[in-house]
K.L.:
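Right, I'll just put the structure down here and ask away after.
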Amino acid sequence: MDGYREKRRRCTKLRVSTDNNDTEKMMHREIERQRRQEMASLYASLRSLLPLNFIQGKRSTSDQVSEAVNYIRYLERKIKELSLRRDELMLLSRGTLLDDSKDEMEAMNHVVVRQCFVGVEIVFSSRCCRGQPRLSSVLQVLSENGLCLLNTISSTVDGRLIYTIQAEVNDSTLIDLSELEERLTRMK
């Protein structure tokens, strides 16, 4: 009988240790399943933040992460471009160009001409005093260059008049933007 009890004890110990192993395995599986679900949820949320042109069709997770990296780099480039444009416009509105003396800066017109989705956008800044170009003179130059006025916004900042003008271009091949910018800058 002692041999029988001894065998039974060993069997019970084996069952208990097997049950512990099964419990540990089940816990490990559950933790791993939860981790996979969380990762899938995070990838889905990342995918939802990307524009459609960065996600085309069903892709692997690594492709999606790679496209997210590309999109972040694209956004960083856009931020740099917009920061440069903002700095340029702030410089224009303040009338502070580094190469010119203060008197010359205050007297001269500052002009930025660039293409936009409707045609041409012109930011024109001049000193608020007699002898400076009026909006009508600027519009006459635009008309002479074949531009049709769509919209204009004016404001005064630090004693300077700033006009933001949007004009439609009838024939873009006939317009030289740098020449137009130079002409508006020299205008008195």
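Computed over heavy atoms, backbone and side chain alike; hydrogens, waters and symmetry mates excluded.
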K.L.:
Are Val138 and Leu149 linked, directly or through intermediate hydrophobic residues, by side-chain heavy-atom contacts shorter than 4.5 Å (ILVMFWY only)?
P.N.:
yes
K.L.:
Counting C-beta onward and ignoring hydrogens, is there a side-chain heavy-atom pair between Tyr43 and Val65 closer than 4.5 Å?
P.N.:
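The answer is yes, as the side chains (C-beta and beyond) meet within the 4.5 Å cut-off.
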K.L.:
Should Leu50 and Leu75 be regarded as members of a common hydrophobic cluster, given that ILVMFWY residues are connected when their side-chain heavy atoms come within less than 4.5 Å of each other, either directly or indirectly?
P.N.:
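Per the 4.5 Å side-chain linkage, Leu50 and Leu75 are co-clustered.
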K.L.:
With sequence neighbours left out, what residues match Lys25 under salt bridge (Lys or Arg N to Asp or Glu O under 4.0 Å)?
P.N.:
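Partners of Lys25 by the salt bridge (Lys or Arg N to Asp or Glu O under 4.0 Å) criterion come out as none, since no residue qualifies.
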K.L.:
Using modelled atom types and a 3.5 Å cut-off, is there a donor and acceptor pairing between side-chain atoms of Glu181 and backbone atoms of Val113?
P.N.:
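Side chain of Glu181 to backbone of Val113, a donor-acceptor pair under 3.5 Å: yes, one is there.
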K.L.:
Looking at side-chain heavy atoms only, is the closest gap between Val120 and Ile165 below 4.5 Å?
P.N.:
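They are not in contact (no side-chain heavy atoms under 4.5 Å apart), so the answer is no.
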K.L.:
What is the distance from atom CG of Asp63 to atom CZ of Arg47, rounded to the nearest 0.5 Å?
P.N.:
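Atom-to-atom, Asp63:CG and Arg47:CZ are 12.0 Å apart.
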K.L.:
Mind checking salt bridge (Lys or Arg N to Asp or Glu O under 4.0 Å) for Arg77 and listing every partner two or more places apart, or none if nothing turns up?
P.N.:
none
K.L.:
Check Ala167 against Leu147 and note the closest heavy-atom contact, atom names and distance.
P.N.:
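It is CB-CB, 3.9 Å.
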K.L.:
Checking Glu144 now: which residues fulfil side chain to side chain donor-acceptor pair (under 3.5 Å) with it, not counting sequence neighbours?
P.N.:
Gln140, Arg183
K.L.:
Does Ser83 reach the main-chain N or O of Ile79 with its side chain, forming a donor-acceptor pair under 3.5 Å?
P.N.:
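Answer holds: yes.
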K.L.:
Considering only residues two or more places apart or on different chains, which pairs with a residue in residues 63-87 satisfy ring-ring contact (aromatic ring centres under 6.0 Å, His included)?
P.N.:
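Applying ring-ring contact (aromatic ring centres under 6.0 Å, His included) to every pair that reaches into residues 63-87, excluding sequence neighbours, yields Phe54-Tyr71.
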K.L.:
Hey, could you give me the CG/OG1 distance between Leu142 and Thr152, rounded to the nearest 0.5 Å?
P.N.:
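One finds 9.0 Å between CG of Leu142 and OG1 of Thr152.
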K.L.:
Look at Glu76 together with Arg73 and state whether they make a salt bridge at an N to O cut-off of under 4.0 Å.
P.N.:
no
K.L.:
Among residues at least two apart in sequence or on other chains, which ones pass salt bridge (Lys or Arg N to Asp or Glu O under 4.0 Å) with Glu81?
P.N.:
Lys78
K.L.:
To the nearest 0.5 Å, what is the distance between CD on Gln64 and CD on Glu67?
P.N.:
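Going from CD on Gln64 over to CD on Glu67, the span is 9.5 Å.
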K.L.:
Which residues satisfy the salt bridge (Lys or Arg N to Asp or Glu O under 4.0 Å) test with Arg29, sequence neighbours excluded?
P.N.:
none
K.L.:
Verify the distance criterion only: is there a donor paired with an acceptor across the side chains of Glu30 and Gln34 at less than 3.5 Å?
P.N.:
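Judged by distance alone, the side chains do pair up.
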K.L.:
Do Glu38 and Leu42 make a side-chain contact, defined as non-hydrogen atoms from C-beta onward lying under 4.5 Å apart?
P.N.:
yes
K.L.:
Rounded to the nearest 0.5 Å, how far apart are CE of Met39 and CG of Leu46?
P.N.:
10.0 Å
